Amino acid sequence: MKQKLKKLIWDAVKTAYEDNALPSSEFPDVEIEEPKVEKHGDFSTNIAMKMASIQKMSPRKISEIIIDHISDPDNLLSGTDIAGPGFINFFINESSWHPVLRQIHEAGNEFGASDIGRGKRIQVEFVSSNPTGPLHVGHGRGASVGDSTANILSFCGYDVQKEYYINDSGRQIHTLGQSVLFRYREQLGEDVEFPEECYQGDYIRELAEEVRQREGDALMSSGEEAAIEYCARYASKKIIEGIKIDLDSFGVRFNRWFSEQSLYDSGKVDADIKELQDKGMIYKEDGALWFKTTEYGDEKDRVVVRNNGQTTYFASDIAYHKDKYDRGYEKVIDVWGADHHGYIPRMTAAIEASGRKKDQFHVILVQLVNLLRDGEPVAMSTRAGEFVTLDDVIREVGKDAARFIFLTRHHESPLDFDLELARKKTNDNPVYYVQYVHARISSIIKKAGERGINHIAWDDQGVAMLREPEEIRLIKNMARYPEVVRNSAEFMEPHRITFFLRNLASAFHTYYNKHRVLEDDEVLCRGRLYLILTIKNVIHNGLTLLGVSAPEKM
RNA sequence: GCGCCUGUAGCUCAGCUGGAUAGAGCAACGGACUUCUAAUCCGUAGGCCGCAGGUUCGAAUCCUGCCAGGCGUACCA
């Protein structure tokens with residue numbers, strides 16, 4: 001619709017120039033907006049104001065000239081208006097909206113999809129929680145944002161891969177091994193003092209128990225390091241399995257699980273450090289190796305190999321990201337917790353140093369989640385073992401409510417997640433509001449079937465009867481969907497879909513309460529059934545992008 | 001100190017990347033079910049868009065400076 005209008009205006013401007021009504025041939029882009037106030041029409045443009053200084057004429061005069069030169073062969077417009085400082089307002093004919101319904105219906109699950117990605121290969125890495133404990137709510141938010149963003153990008157024609165990076169190497173894995181070993185010894189009757197820096201959660205005890213059942217007391221006699229190594233391997237493997245299960249029940253599936261350890265095993269970390277050394281990007285100071293990240297805008301240089309010979313997390317991250325690009329991704333997106341934001345400049349620096357462009361890397365920072373129960377904060381700390389796991393949340397409030405609520409805010413603003421609220425099946429809970437539309441429509445369609453209407457299809461006469469303001473409003477609303485999806489992809493902001501759905505749901509509920517679909521007038525009934533079928537279609541599409549189900553019945 | 005994020009209705013947040021009279025949901029108050037699901041709807045009330053300057057036809061939106069909160073600022077991850 002917008003495109004059609006844009007063309008009308010553009011043609012009018014050109015014609016006006018050819019008729020010598022406008023002195024200059026220099027025209028700005030046609031920008032079309034949707035006014036907030038209905039009185040201002042369906043669309044408006046500010047083009048006259050933009051042209052004023054170039055044409056050396058008053059905006060209102062230019063508006064008049066443009067309107068005079070508009071030709072509207074398809075009878076799209078029911079009226080135009082000049083308002084305020086020189087806005088041109090356009091009123092669209094009711095009947096011009098009707099074909100939108102057909103587009104939606106014919107596109108089906110593809111309605112809203114586009115090809116703006118042009119098959120560009122893009123990778124989204126998210127969650128990537130360390131395998132030292134189960135996922136908690138914060139990871140849930142990262143999972144929701146990452147997964148939906150990937151879905152949306154894919155819907156917009158990008159070739160998207162979802163990946164999880166497993167930090168199965170380094171100090172914290174060692175600590176994990178220690179933690180399990182301590183519990184293991186404890187269980188075998190040894191009097192041990194459990195160190196504070198170890199992981200305190202009950203899951204460590206369970207893992208130790210499993211180790212004991214498999215190995216008996218064999219680890220008591222093997223060397224300590226070997227025992228820790230064994231426990232670390234076993235525990236991280238089990239934890240990752242648990243994480244996979246949790247994510248699966250959260251509706252998140254990765255294309256690939258990438259092991260940090262594999263970068264060491266294949267020698268890639270060492271090779272990349274060597275390569276950077278050869279390029280002169282690395283120097284030695286105080287016994288450590290430093291990467292000159294300051295040359296790419298970081299505030300200080302960063303250590304890649306410590307003076308004890310151990311590589312830092314940064315070192316493997318450099319190798320990991322290099323590997324991503326080597327695998328052919330043109331763009332790499334990382335979803336991180338906001339507490340890692342200080343890490344962005346050095347990562348960007350490393351990527352630039354390896355010859356990639358800055359804009360080939362993008363970090364989505366997700367702010368922290370404050371978990372509440374009835375308005376009271378719930379304390380959480382992985383180390384102290386006090387946390388509510390993602391699994392707990394899914395069990396308590398359900399996957400759909402959790403995923404939806406995580407996407408009810410811009411990802412850069414902190415989110416309060418109230419367990420009691422999320423569990424309530426009331427109108428406090430936005431997910432039901434949207435799902436309810438789908439269920440209601442399904443119910444009506446079912447009822448129509450009972451009355452012998454089994455096939456809902458485009459019907460000229462029926463659709464032509466959709467003239468109620470609420471009906472036109474619904475169609476206009478849905479017509480915006482493709483643009484919302486595109487913007488959502490472009491800005492990587494899945495919450496835009498959430499807000500769109502709430503809006504559409506609201507418009508439907510209003511309509512539902514005011515008008516009956518199953519009217520005695522058969523023609524009208526056909527038209528309305530077609531309308532709600534397309535609404536169901538759009539709600540379904542949107543919820544799918546968010547990873548939320550669209551129930552037939554509630 | 002420096003850097004990033006956030007300040008919009010009593011509360012939780014949107015605001016289409018500069019547009020016209022700033023919008024929702026909760027909470028408050030008053031209404032609507034013998035009719036397609038009341039997990040719904042309708043109405044009322046509620047605002048110096050953190051503060052102060054600047055940019056221009058026009059600012060919640062862009063720039064600068066303050067103020068407040070969160071996070072970061074490791075040879076941790």
Side-chain angles (χ1 to χ4, degrees), chain A residues 31 33-37 39-40 44-46 49-50 52-53 58-59 83-87 89 130 132 167 169-173 175 260 285-290 299-300 302-314 316-317 337-345 365 367-368 370 375 408-416 418 421 424-437 439-448 450-451 480 483-484 487 490-491 495-496 498-500 502-503 505-506 508-519 525 528-529 532 553-554:
Chain A
E31 287 175 33
E33 288 150 8
E34 292 168 50
K36 291 173 196 158
V37 193
K39 208 171 69 189
H40 294 141
S44 73
T45 180
N46 59 358
M49 275 118 80
K50 291 223 157 186
S53 59
S58 82
F87 289 102
N89 297 330
N130 296 329
T132 55
N167 298 114
S169 164
R171 209 180 70 173
Q172 49 189 348
I173 288 300
T175 307
E260 179 186 13
E285 195 177 291
D286 301 333
L289 292 182
W290 298 73
E299 56 184 18
K300 55 180 283 196
R302 306 292 175 175
V303 170
V304 286
V305 181
R306 292 189 261 163
N307 61 11
N308 62 7
Q310 286 184 328
T311 48
T312 60
Y313 181 84
F314 184 41
S316 49
D317 250 352
D339 53 340
H340 285 64
H341 77 253
Y343 207 78
I344 297 174
L365 280 183
Q367 284 287 342
L368 302 180
N370 302 313
T408 50
R409 301 225 181 327
H410 186 108
H411 50 71
E412 278 184 0
S413 60
L415 169 75
D416 289 339
D418 195 309
L421 211 76
K424 280 184 195 159
K425 300 199 167 179
T426 68
N427 42 11
D428 296 357
N429 201 333
V431 67
Y432 299 112
Y433 188 79
V434 175
Q435 288 184 317
Y436 194 40
V437 173
R440 268 185 156 171
I441 292 175
S442 303
S443 168
I444 299 171
I445 291 174
K446 193 171 152 230
K447 209 128 221 167
E450 287 165 9
R451 293 190 189 182
R480 283 180 48 231
E483 195 184 342
V484 170
N487 286 336
E490 191 184 340
F491 298 108
H495 76 282
R496 289 172 187 248
T498 315
F499 280 89
F500 170 85
R502 284 218 270 196
N503 236 309
S506 168
F508 173 76
H509 287 312
T510 299
Y511 176 61
Y512 180 90
N513 274 276
K514 194 161 175 185
H515 304 284
R516 287 183 61 81
V517 173
L518 300 178
E519 281 282 357
C525 180
R528 289 189 170 169
L529 278 170
I532 64 166
K553 208 163 55 172
M554 285 171 74

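All values derive from a computational prediction rather than experimental measurement. Naming convention: chains lettered A, B, ... in sequence-line order (proteins, then strands); numbering from 1 in each chain.
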Applying a 3.5 angstrom cut-off to the pairing atoms, does RNA chain B sit in any stems of at least three consecutive Watson-Crick or G-U pairs? List them by first number.
B:1-7 with B:67-73, B:10-13 with B:23-26, B:28-32 with B:40-44, B:50-54 with B:62-66
Exercise: do A/R528 and A/Y511 side chains pair donor with acceptor under 3.5 Å
yes
Taking only residues two or more places apart in sequence, or in another chain, which ones meet A/N130 in a side-chain hydrogen bond (donor to acceptor under 3.5 Å, both in side chains)?
A/Q172
Test side chain to side chain contact (heavy atoms under 4.5 Å, CB included) applied to A/R171 - qualifying residues, sequence neighbours left out
none
Whether A/Y433 contacts B/C41 is assessed here as follows: a side-chain N or O lying under 4.0 Å from the phosphate OP1 or OP2. Is that the case?
yes
Please state how far atom CD in A/E34 lies from atom C1' in B/U17, giving the value in whole angstrom units.
15 Å
Could you tell me how far apart A/N46 (CG) and B/G58 (C1') are, to the nearest whole angstrom?
11 Å
Euclidean distance for P, B/C49 against B/G23 (whole angstrom):
14 Å
Quick one: salt bridge (Lys or Arg N to Asp or Glu O under 4.0 Å) partners of A/R440, sequence neighbours excluded?
none
If you measure from the C1' atom in B/U64 to the same atom in B/U55, how many Å do you get, rounded?
11 Å
Measuring from A/H515:NE2 to A/T510:OG1, what's the distance to the nearest 0.5 Å?
9.5 Å
For atom CZ of A/F508 and atom C1' of B/A39, their distance in whole Å
14 Å
Taking only side-chain nitrogens and oxygens of A/T510, does any of them come within less than 4.0 Å of OP1 or OP2 of B/C42?
yes
A/N513 has its side chain closest, among B/C5, B/A38, B/C41, to B/C41
Residues in ring pair (Phe, Tyr, Trp, His ring centres under 6.0 Å) contact with A/F87, at least two apart in sequence or another chain:
none
Aromatic ring pairing A/H340/A/Y343, orientation class (parallel under 30°, perpendicular over 60°, tilted between)
perpendicular
Spacing between A/H410 atom NE2 and B/U17 atom C1', to the nearest angstrom
12 Å
Start at the 5' end of RNA chain B and walk down; is the nucleotide closest to A/R451 or to A/R480 reached first?
A/R480
For nucleotides B/C4 and B/C66, find the distance between their P atoms and express it as a whole number of Å.
13 Å
What residues, two or more places apart in sequence or in another chain, satisfy salt bridge (Lys or Arg N to Asp or Glu O under 4.0 Å) together with A/E33?
none
C1'-based separation of B/C2 from B/G47 [nearest Å]:
35 Å
Heavy atoms from C-beta onward define the side chain here; which of B/C36, B/C4, B/U12 lies closest to that of A/R516?
B/C36
If the condition is side-chain hydrogen bond (donor to acceptor under 3.5 Å, both in side chains), which residues does A/T498 pass it with, not counting sequence neighbours?
none
Without decimals, in angstroms, what is the distance between A/L365 CG and B/G3 P?
17 Å
note: A/K514, atom NZ; B/A38, atom C1'; distance rounded to Å ~ 19 Å
Using a 4.0 Å heavy-atom cut-off across all strands, classify A/H411 as base, sugar-phosphate, or nothing.
nothing
Could you run through nucleotides 70-77 of chain B and give me one letter per nucleotide, 5' to 3': B if any protein heavy atom sits under 4.0 Å from the base, S if only the sugar-phosphate is that close, - if neither?
-BSSSBSB
Decide, applying a 5.5 Å centre-distance limit and a 30° plane-angle limit (both strict), whether A/F87 stacks on B/A20.
yes
Syn/anti state for B/C33 [syn: chi within 90° of 0]:
syn
Of the options B/U6, B/C41, B/A38, whose atoms approach the side-chain atoms of A/E412 most closely?
B/U6
For a quick test of reading the model, state the closest non-hydrogen atom pair linking A/V303 to A/T312 and the distance between them.
O-OG1, 3.0 Å
Do any N or O atoms of the protein come closer than 3.5 Å to N or O atoms of nucleotides 21-24 of chain B, and which pairs are they?
from  : atom 1 : to    : atom 2 : distance (Å)
B/U21 : O4     : A/K39 : NZ     : 2.4

Glycosidic conformation of B/U17, syn or anti, with 90° from 0 as the boundary?
syn
P atoms of B/U6 and B/C62, separation to the nearest Å
10 Å
Using whole Å, what does the distance between atom P of nucleotide B/C11 and atom CG of A/D416 come to?
13 Å
In whole angstrom, give me the gap between the P atoms of B/G50 and B/U12.
15 Å
Find the distance A/D418:CG to B/A27:P and express it as a whole number of Å.
14 Å
Does the side chain of A/Y512 get closer than 4.0 angstrom to OP1 or OP2 of B/A38 through an N or O atom?
yes
If you only use heavy atoms from C-beta on, which nucleotide in B/A14, B/C16, B/U6 is closest to the side chain of A/H495?
B/A14
Determine the Euclidean distance between corresponding P atoms of B/U56 and B/G15; express it in Å to zero decimal places.
28 Å
Under the side-chain hydrogen bond (donor to acceptor under 3.5 Å, both in side chains) test, which residues partner A/E34, sequence neighbours left out?
none
Could you work out, with ring pair (Phe, Tyr, Trp, His ring centres under 6.0 Å) as the rule, every residue matching A/H495, not counting sequence neighbours?
A/H410, A/F499
Atom C1', compared across B/G18 and B/A74: separation rounded to whole Å:
43 Å
For A/D416, what residues pass the side-chain hydrogen bond (donor to acceptor under 3.5 Å, both in side chains) criterion, not counting sequence neighbours?
A/N370
Give a yes or no on whether the backbone of A/A338 and the side-chain of A/H341 come within a donor-acceptor separation of less than 3.5 Å.
yes
Side chain of A/N89 only, heavy atoms from C-beta on: which candidate in B/A38, B/A14, B/A20 is closest?
B/A20
